[in-house]
Amino acid sequence: MNDVDTLPDTLPDTRETGTMTSLDIRELHAMDDLEAVCRLYGEIWGTHPDQGPVSAEVMRALGHAGNYVAGAYENGRLVGASVAFFGEPAAATLHSHITGATAGRGIGLALKLHQKQWALRRGITRITWTYDPLIRRNAHFNLTKLGARPEEYLRSFYGAMDDAINGGDESDRVLAAWDLTARPADPSAWDEAAADAVRAVRNRGGRPEVTATEAEFVLVDLPDDIEALRRSDPDAARAWRLAVRDTLGTLLDEGARVLGLHDRRSYLVHRTPTTGPVRPHTESTL
């Protein structure tokens, strides 16, 4: 399951607002708490708790084995949860399998920062997770707020999914990596590169327009709201999936590097000297 499907934009700064947050984040071990996480995930992903992305029994086993299972409580009510396990390279990486939170109050960011501190206390310097590259708010959260970077494009990674968020679309994901020792880059640092970049995918009236280019810097536009588009215009949503898969996916396959998210709507990609040209999408490529 992709890690950050429902995260809000930011954690409120209580120093400026004068308000106090009662958010409490802690590791979870009791079955009652883990079953509450299942119910929360069911509400977020629109599934029955027994058919959610992870079961209470699996969370119990992961936590008992020393992995990360945590919940966020606001005034005593569960409002977010995250599950992560150790990955490769051993003793250096934590893979965050799923994080879900109610939107609007900075709960998702608070969970990620808690996860970061948990990892650093154990000598872990890298957290990875997958997310849908078409969802703009997640791309902004992951790349701009956290400073993570896409490393790999994963085609139809989870196979067919029928939950309320992903239903009707293929489950393409990118693997994002968060270097916990690095300072987040200033998005303005790449303004000059973005100004010279060529759009390999352009949002043209709500549909993707793909252009072949051999430019060193490439922009890949994203749809305004892919989740709404899946409901209102499934053909357009599929066109976006294929366009981004064929451009961003090919670039990452060939060693290009995503520098950031430009204007909160376009991946800015740096092609290495050995990266080939971006080819336009055709249906015959699938």
Side-chain angles (χ1 to χ4, degrees), residues 1-8 23-74 77-88 90 93-103 107-119 122 124 126-133 135 137-138 141-142 146 148 152 154 156-178 227:
M1 179 62 62
N2 41 318
D3 182 53
V4 282
D5 267 344
T6 55
L7 296 187
L23 194 65
D24 173 37
I25 301 178
R26 62 179 183 267
E27 291 185 65
L28 304 179
H29 300 282
M31 284 300 294
D32 285 350
D33 291 335
L34 300 174
E35 288 167 356
V37 171
C38 290
R39 291 192 292 273
L40 176 67
Y41 284 165
E43 293 171 4
I44 292 171
W45 273 272
T47 62
H48 189 278
D50 293 338
Q51 300 173 336
V54 62
S55 69
E57 291 81 6
V58 169
M59 286 188 279
R60 179 79 169 98
L62 287 171
H64 185 71
N67 296 282
Y68 179 85
V69 181
Y73 293 82
E74 187 176 54
R77 182 174 67 91
L78 182 68
V79 290
S82 184
V83 179
F85 46 82
F86 296 105
E88 292 291 338
T93 299
L94 185 72
H95 182 76
S96 187
H97 176 56
I98 179 170
T99 299
T102 56
I107 299 162
L109 178 59
L111 274 167
K112 297 305 289 184
L113 296 179
H114 181 272
Q115 188 182 77
K116 174 183 178 178
Q117 293 306 314
W118 185 96
R122 289 158 178 79
I124 296 168
R126 169 183 161 96
I127 298 178
T128 62
W129 61 88
T130 63
Y131 76 95
D132 186 338
I135 299 180
R137 71 176 184 279
N138 286 353
F141 182 90
N142 294 330
L146 296 181
E152 184 180 3
L154 306 166
S156 198
F157 188 60
Y158 292 107
M161 302 175 70
D162 58 1
D163 59 75
I165 293 175
N166 300 286
D169 194 2
E170 295 189 65
S171 58
D172 287 21
R173 299 290 183 264
V174 294
L175 180 70
W178 187 15
E227 292 161 300

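Nothing fancy with the numbering, it's 1 onward along the sequence. None of the values given here were measured: they were computed from a predicted structure.
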Query raised in the report: salt bridge (Lys or Arg N to Asp or Glu O under 4.0 Å) with R39: which residues, sequence neighbours excluded?
Result: none

Report summary line: Residues at least two apart in sequence or cross-chain that pass side chain to side chain donor-acceptor pair (under 3.5 Å) with R126, listed by chain then number, are E151

Query raised in the report: Is it true that a side-chain atom of S82 and a backbone atom of T99 form a donor plus acceptor pair closer than 3.5 Å?
Result: no

Query raised in the report: Does a side chain donor of either T93 or E88 reach within less than 3.5 Å of an acceptor in the other side chain?
Result: no

Requested in this report: Assess whether side chain to side chain contact (heavy atoms under 4.5 Å, CB included) is satisfied between L23 and V79, documenting all intermediate values.
Outcome: CA-CA 9 Å; L23 194 65; V79 290; 4.0 Å; yes

Report summary line: Between L111 and A70 the two heavy atoms that sit nearest each other are CD2-O, 4.5 Å

Requested in this report: Apply side chain to side chain contact (heavy atoms under 4.5 Å, CB included) to the pair V37 and M59, showing each step before the final yes or no.
Outcome: CA-CA 9 Å; V37 171; M59 286 188 279; 3.7 Å; yes

Query raised in the report: Below 4.5 Å, heavy atoms only, C-beta onward: do W118 and L94 meet side chain to side chain?
Result: yes

Query raised in the report: Listed by chain and number, what are the ring pair (Phe, Tyr, Trp, His ring centres under 6.0 Å) partners of Y41, not counting sequence neighbours?
Result: W45

Query raised in the report: Atom CH2 in W178, atom NZ in K116: separation rounded to 0.5 Å?
Result: 5.5 Å

Requested in this report: Could you list the residues that satisfy side chain to side chain contact (heavy atoms under 4.5 Å, CB included) with H95, not counting sequence neighbours?
Outcome: F85, T128, T130, L175

Report summary line: In terms of heavy-atom contacts, A148 and A176 come closest through CB-CB, 4.3 Å

Query raised in the report: After noting the C-alpha distance and the side-chain angles of V69 and E27, does the key distance pass the side chain to side chain contact (heavy atoms under 4.5 Å, CB included) rule?
Result: CA-CA 6 Å; V69 181; E27 291 185 65; over 6 Å; no

Query - Taking every non-hydrogen atom, the tightest pair across Q115 and S96 - result: NE2-OG, 3.0 Å

Report summary line: Taken to the nearest 0.5 Å, the spacing of E152 CD from L154 CG works out to 4.5 Å

Report task. Search all heavy atoms of F141 against all heavy atoms of L109 and return the closest pair with its distance. Result -> CZ-CA, 3.7 Å

Query - is_close_aromatic(Y68, H114), centroid dist under 6.0 Å - result: yes

Query raised in the report: Which atom pair, heavy atoms only, marks the closest approach of I107 to G80?
Result: CG2-CA, 4.2 Å

Query - Geometric cation-pi criterion, K112 with W129: 6.0 Å, 45° - result: yes

Query - Aromatic Y131 / basic R173 pairing, under 6.0 angstrom, 45° off normal - result: no

Report task. List for me each residue that meets salt bridge (Lys or Arg N to Asp or Glu O under 4.0 Å) alongside D33, sequence neighbours excluded, and say none if there are none. Result -> none

Requested in this report: Identify, with sequence neighbours excluded, every residue that meets side chain to side chain donor-acceptor pair (under 3.5 Å) alongside N67.
Outcome: none

Report task. Look at E35 together with R60 and state whether they make a salt bridge at an N to O cut-off of under 4.0 Å. Result -> no

Report task. Taking all non-hydrogen atoms of both residues into account, name the closest pair between D172 and S156 and its distance. Result -> OD1-N, 2.8 Å

Report summary line: Distance col, row I44:CD1 vs T102:OG1, nearest 0.5 angstrom, shows 7.0 Å

